[in-house]
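What follows is a set of notes on a single structure, which appears directly below.
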Amino acid sequence: MTEIVFAAGLGDNIVGVTSYCDYPEEALSKPKIGGMSNPSLEAVVLLKPDIVIMTTNGNSKEFEMRLRAMKIKTYVFESRTIVQLPDGIRLLGEAIDEQERFDLLASDIENRLNELRARKQATSKKVLFMIWPEPLMVAGPGTAIDDAIDLLGAINIAEDTNIQYPKYSIEEIVRRSPDIIFIGKATGMDMQGTSSGLLSRLSYLPAVKNNKVYFVSDNLYRLGPRVIPGIEELAEYLEGSEDSMVRGENNSLLKK
Amino acid sequence: MKLKLICIAIVALMIFIVTLFIGPRLISPFGMTGIEKQILFSIRLPRVIISVLMGMALGASGAVLQGILRNPLADPYILGISSGAALVAAAGIITGVSFFGVFTIPVLAFTGALITGIFVGAMGWKRGGFWPDRLLLAGVGLGFLFSALLMLIMSLSSNEGLKRATLWIFGDLSIADWSLIPYGFIFIVVGLGISMFRSKALNSLILGDDLSHSLGFSPKKERFILFISVGLMTAASVSLGGMIGFIGLLVPHIGRFMIGSDSRILIPVSALGGGVLLCIADLIGKSVLSPMELPAGIITAILGAPYFLYILRKKDVLSF
């Protein structure tokens, strides 16, 4: 949420953020109101916001009820997928009377999404996006990551689970043998080191053997303007793996 | 009695082998494809071995601990060992320790577990020996302190990696890997060996220190030796795959219902029972919702608890 408001150019109007809002950098210096799922009501009231913007993906319904009970104006952002994102942004703009800025942002995202759709791959590659290696957690359906993979014409091999971030079977990864493995970054962790154990155990997988393991940013972890560079990043690797492996070499773990 | 034990061991071994081939998808032992061989040897086999080792360590240390503490509610985690392991592992992750490479987290967890064990031992030590109630309370107290500190670290840190990295402590066998097995094996076999070797002394301890003394054992010394064996087994099992509930507490009781409370047989039976239960639980955990996995600890309790309650109702004498 914070990212969307900043991208629309209204960062200065933000009086408080959660402790999870770490992008853009200016957000870090905003007063904190607590965590994503457990914000402090007191802190919110003290900041006297004109409106509280929440999301269905992470904030609790109870908190919204309590805000409304205290007569604090509240808007809940309901988009869950990349496709819904531009319209969600437009609705948000309407809600806070800043249509122009938000429409602009929404159209910009829409245009760039269309450009990205044009980069759709002819051959659908099998992709696995790891959020965390041990215990193994991957991106399942209903995530922006899954949307991005889909938009680029690839197949998320974990799309048949029914939760967003399932604990996935290693055995099944071996059977489905992804063409490409992405590993997302986590704040404060050395992902190459953390993943080396799992990757060395999977060293016989074609994707690992052929250096098709890429460490990527966390741009796709939140539904906001950053999904665009996030999709671009995946697209580059998907295209790069088409012609040569050179592109991935700096990024790949097994270069030694 | 010997014969009974051998029968149980054979059945257990058969179960271990069968769980290798059935899984989320059946692998036929005859005519395996290349990929199936990979899955069998590099994924399933280490995982089955680790679940057997952990289950055995937990079952046996539960049986021993309930004896030396003379308390039917004792379980290997009651000594705070697992909370200590988790705390040290989390602290290590935050400070970015990584000089053991892939072994970093298991080594940190093992160190944490051992330090906690020594700490609890020191707190429970008075007048030249362990006092069962002191040990128990020291373990509970330290356990609370360490889990509170862990929670504190977690809530102060916005480090998402840390949260994910510490998830394994709640029981995760999917990290099973060949490289860990030799170390876990040594500690667990040594611990199991010590406790079986001293099982006669454990029998005497259950009767009380005075009787134990008159039977020719030194209760203080025996309690110390057995405590070390429990510490080794529990520390090794926590560092192999985190915490798995139920086994350490209830498998020894199920064993007592089945074969009586003679520690000489109870320890191996609890060990085998723990191994079988964890193995089957993990098989179910990774199969029912495939390709998703459920933590084995949930299944051990769902499987074991109803059975335990059933025999609890059926038996009219509790043989502790």
Considering residues, nucleotides and ligands other than B:Tyr183, do more than 12 of their heavy atoms fall under 6.0 Å from its OH? no

Checking heavy atoms, do the side chain of A:Leu198, its backbone, both or neither come under 4.5 Å from chain B? neither

Please check: side-chain N/O of A:Arg201 versus main-chain N/O of B:Ala176, any donor-acceptor pairing under 3.5 Å? yes

Find the one option among B:Ser42, B:Pro291, B:Pro295, B:Pro24 whose heavy-atom pairs under 4.5 Å with chain A are most numerous. B:Pro291

Selection from B:Ile35, B:Leu289, B:Ile39 maximising heavy-atom pairs under 4.5 Å formed with chain A: B:Ile39

Determine whether A:Ser169 and B:Glu293 make a side-chain contact, defined as any pair of heavy atoms from C-beta on separated by less than 4.5 Å. yes

Assess whether atom CZ of B:Phe16 is packed by more than 12 heavy atoms of other residues, nucleotides or ligands within 6.0 Å. yes

Taking atom OG of B:Ser174 and atom CD of A:Glu171, what is their separation to the nearest 0.5 Å? 12.0 Å

Using non-hydrogen atoms only, which part of B:Ile27 is less than 4.5 Å away from chain A: side chain, backbone, both, or neither? side chain

Is the shortest heavy-atom distance from the side chain of B:Met292 to the side chain of A:Asn162 under 4.5 Å? yes

Checking heavy atoms, do the side chain of A:Met191, its backbone, both or neither come under 4.5 Å from chain B? neither

If you count heavy atoms of other groups shown closer than 6.0 angstrom to CZ of B:Phe144, is the number above 12? no

Within-4.5 Å side-chain heavy-atom neighbours: B:Arg47 and A:Ile170: no

So, taking the atom named CG in B:Asp172 and the one named CG in A:Leu136, what distance separates them when rounded to the nearest 0.5 Å? 9.0 Å

Would A:Glu172 and B:Arg25 pass as an ion pair if we require N to O under 4.0 Å? yes

Identify which of A:Pro135, A:Ala158, A:Gly197 forms the greatest number of heavy-atom pairs closer than 4.5 Å to chain B. A:Pro135

